[in-house]
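To start, the structure under review is shown below, and the notes come after it.
What you are looking at is a predicted structure, and each value in this text was computed from that prediction instead of being measured.
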Amino acid sequence: MGKRVYEFAKEQNVTSKQVITQLEKLNKPVKNHMAVLDEESVKQLDRIFNPEKYRAEEKKAEVKPAAEQPKQEKKEAPQARPQASSTPQGNRGGNRFSNNRNDNRNKKRGKGKGKPAKAAIPQEADPNSKTSQRKAARLAQESEMGNVIKYDDVLSVSDLAAKMDKKPNEIIMKLMGLGVMATINQTLDDETIELLATEFGYEVEKEVIVDETDFEEVEIDFSAYDLEERPAVVTIMGHVDHGKTTLLDSIRNTKVVAGEAGGITQHIGAYQVQVNDKKITFLDTPGHAAFTTMRARGAEVTDIAIIVVAADDGVMPQTEEAISHAKAANVPIIVAVNKMDKEGANPDRVKQELTEFGLVPEEWGGETIFVPISALKDEGIDELLEMILLVSEVEEYKSTPDMPARGSVIEAKLDKGRGPVATLLVQHGTLRIGDSIVVGSTFGRVRAMVNDIGRRVKEVGPSTPIEITGLNDVPQAGDQFIVFEDEKKARAIGEKRYQRYLESQRRESAKVSLDDLFSRIQEGEVKDLNVIIKADVQGSAEALAGSLRKIDVAGVKINIVHQGVGAITEGDVILASAANAIIIGFNVRPDGNARSMAEQEHVEMRLHRIIYNAIDEIESAMKGMLDPEFVEEITGQVEVRDVFKVSKVGTIAGCYVTEGKISRDAGVRIIRNGIVVYEGKLDTLRRFKDDVKEVATGYECGIKVEKFDDIKVEDVIEAFIMKEVERK
């Protein structure tokens with residue numbers, strides 16, 4: 001029967017893992033350390049772990065034995081001991097176990113061949129032998145690993161002593177030598193830990209623990225990866241009936257349908273086109289409302305925004321809103337001037353109107369790309385796609401496919417047959433079937449993936465839209481996702497995020513309102529007031545915006561997110577929700593859908609017909625956002641005439657109100673000989689046995705001061721309140 005892996009490892013004084021690794025290199029993999037090795041494998045491994053022995057045999061074959069014999073006797077003669085070859089007792093000192101092991105090995109090798117065992121020659125005692133060298137190397141490696149101290153948060157003196165295998169008093173003595181007095185349980189800062197470790201010959205390695213529950217907040221470290229170019233992600237926005245849908249269909253029909261098998265209709269909210277061997281990803285979210293909803297949830301998915309403007313219609317209210325949304329997202333803007341085939345097309349008027357919003361054409365000395373197109377007749381589509389590739393090349397959008405996938409949810413739904421279905425945009429890494437994934441407050445395993453042309457795929461890379469199944473619930477559009485290698489870890493993080501989501505739903509607070517601004521400032525929020533202005537005419541909107549900008553209140557800044565004309569729409573409400581803003585309507589009203597959405601999103605709308613009322617209201621709110629001023633007002637004085645000590649209660653002062661009045665909610669000072677000895681609050685205020693709210697001049701009362709029992713006769717208790725004063 002052959003040897004087992006662990007037996008061979010023990011003979012060679014190496015680990016079983018090293019033996020298994022060498023077997024894998026020899027293309028003879030084994031399952032574990034109990035596997036049986038055949039004779040050929042043993043010989044091959046023996047040659048690997050004992051190369052010097054085989055080199056010596058080769059040299060012996062070349063050199064005559066007669067010339068070699070004296071050299072061997074000379075080398076080994078000083079190490080020979082009496083009776084070393086006869087009995088184990090003769091082999092004393094540090095080589096006893098080594099020689100016994102070697103003796104057993106030689107007996108096994110010489111079995112059945114009539115050769116005597118060579119246990120008498122203590123070869124392993126030779127410092128130049130292979131075994132000694134391996135042992136020294138292993139000890140050096142263990143010593144090197146043992147000289148590194150790893151910790152994650154803080155270390156106390158006792159913890160550091162345990163990690164360095166020292167006594168705590170040694171650490172304390174060393175600290176005293178450095179001028180630091182410390183106890184055994186005192187925590188040490190990073191600098192002190194590093195200094196102490198250096199003194200004792202150790203290295204320090206602090207491990208940073210990241211809370212992976214909030215994976216949206218964790219920045220990706222791309223330094224460990226090779227970045228590659230990725231497709232740009234494009235969103236098309238604009239006014240109603242300016243040709244957004246027609247443009248999307250035109251791009252899709254010319255660039256996508258041609259590559260589909262049997263003309264399968266794409267059914268997810270995004271698709272990819274290929275232009276000049278490069279890909280572009282389009283998000284089929286034609287409304288800027290959805291664009292901002294995703295951004296409000298932290299999903300910065302769009303790289304380039306295309307604003308579609310009709311050449312015969314010009315800039316319209318929703319065009320302005322689309323520009324505001326694109327600028328808020330801080331992405332490059334390309335203007336597609338559509339309907340160039342119509343008779344009344346006037347692209348110069350469109351360019352002139354857009355200059356008022358900071359979109360100046362390149363031919364006019366600006367930086368905005370304008371592309372004339374006709375989506376209906378498929379004219380200018382190729383040029384638009386080339387411009388997208390140009391912007392993408394300038395911006396250098398890069399990512400890596402070598403990391404676990406991360407990205408955002410484009411849309412999600414509950415399918416009757418397949419369960420929760422989510423359309424994801426993979427932004428970084430590679431998503432594969434079977435991956436354990438956490439999506440927003442949901443989790444699961446990727447069961448199936450379908451691409452934009454209805455084909456099943458096994459994996460997708462960066463900037464690729466994909467539809468997946470396998471989640472435990474339906475996520476929200478804009479939620480971010482991440483893949484974990486461990487399924488248990490993904491489940492634990494997903495459940496924790498779901499609990500946090502439920503808690504946030506229960507305590508969901510209303511959006512900003514003029515009435516609660518002061519309380520929000522007290523909680524430490526920024527002193528900014530975001531405003532969206534809608535008026536009946538452009539002149540009124542500009543006048544109101546100009547007046548609001550002139551309001552000068554120190555410490556508070558007004559920020560006009562968007563201004564426009566016409567009724568307050570759902571788009572205005574969604575933008576206000578994303579920007580945490582207030583909507584001010586001047587001579588306009590919200591439509592039914594906008595009103596119901598404002599209630600749902602907790603967005604405040606203030607409607608006015610007189611411009612001065614609107615300005616005064618905002619100015620008052622901004623002043624209320626400042627920290628209030630308080631002044632102290634003395635309300636009364638009380639003289640202590642007797643003191644009663646009550647067990648389990650404390651000291652009660654029998655008092656007489658000499659001036660003003662003392663109330664239950666007032667602050668008090670204990671004054672003794674003109675010196676304030678304590679300042680605090682009242683615990684109890686009584687007349688006879690009844691608790692009272694206040695006691696006026698000329699009446700007696702019993703007073704218990706909170707957390708103060710050292711009251712003496714003739715002390716004066718001064719009552720005061722803090723009164724808020726309006727800022728000027």
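Judged by distance alone, the side chains of D665 and S663 do bring a donor and an acceptor atom under 3.5 Å apart. Of the N and O atoms on the side chains of S156 and T187, not one donor lies less than 3.5 Å from an acceptor on the other residue. Using a 3.5 Å distance cut-off with no hydrogens or angles, the side chains of S408 and Q427 do pair a donor with an acceptor. Checking N580 against N530 by side-chain atom types alone, no donor-acceptor pair falls below 3.5 Å.
No donor-acceptor pair closer than 3.5 Å links the side chain of S577 to the backbone N or O of I574. The backbone N or O of G660 sits less than 3.5 Å from a side-chain atom of T697, completing a donor-acceptor pair.
Looking at F481 and L424, their side chains come closer than 4.5 Å, going by heavy atoms from C-beta outward. The closest side-chain heavy-atom distance from I171 to L175 is below 4.5 Å. Between L544 and I615 the shortest side-chain heavy-atom distance falls below 4.5 Å.
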E191/L195 under side-chain contact (heavy atoms from CB on, under 4.5 Å): CA gap, chis, key distance, verdict
CA-CA 6 Å; E191 187 177 350; L195 187 61; 5.7 Å; no
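Taking the centre and axis of the six-membered ring of Y656, the NZ or CZ atom of R641 falls inside the cone set by 45° and 6.0 Å.
Residues R669 and E718 are paired through a salt bridge, judged by an N-O separation under 4.0 Å between the basic side chain and the carboxylate. R606 has a carboxylate O that lies under 4.0 Å from a charged side-chain N of E604, or vice versa, which qualifies the two as a salt bridge. A salt bridge links D709 with K704: the distance from a Lys NZ or Arg NE/NH1/NH2 to an Asp or Glu carboxylate oxygen falls below 4.0 Å.
A pairwise comparison of heavy atoms in V573 and A594 identifies CG2-O, 3.6 Å as the closest pair. Considering all non-hydrogen atoms of both residues, P168 and V157 come closest at O-CG1, 4.1 Å.
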Do any side-chain atoms of residues 686-694 form donor-acceptor pairs under 3.5 angstrom with protein atoms, and if so which ones, sequence neighbours left out?
| residue | atom | partner | partner atom | Å |
| --- | --- | --- | --- | --- |
| R686 | NE | D691 | OD1 | 3.0 |
| R687 | NH1 | E700 | O | 2.6 |
| E694 | OE1 | K661 | NZ | 3.4 |

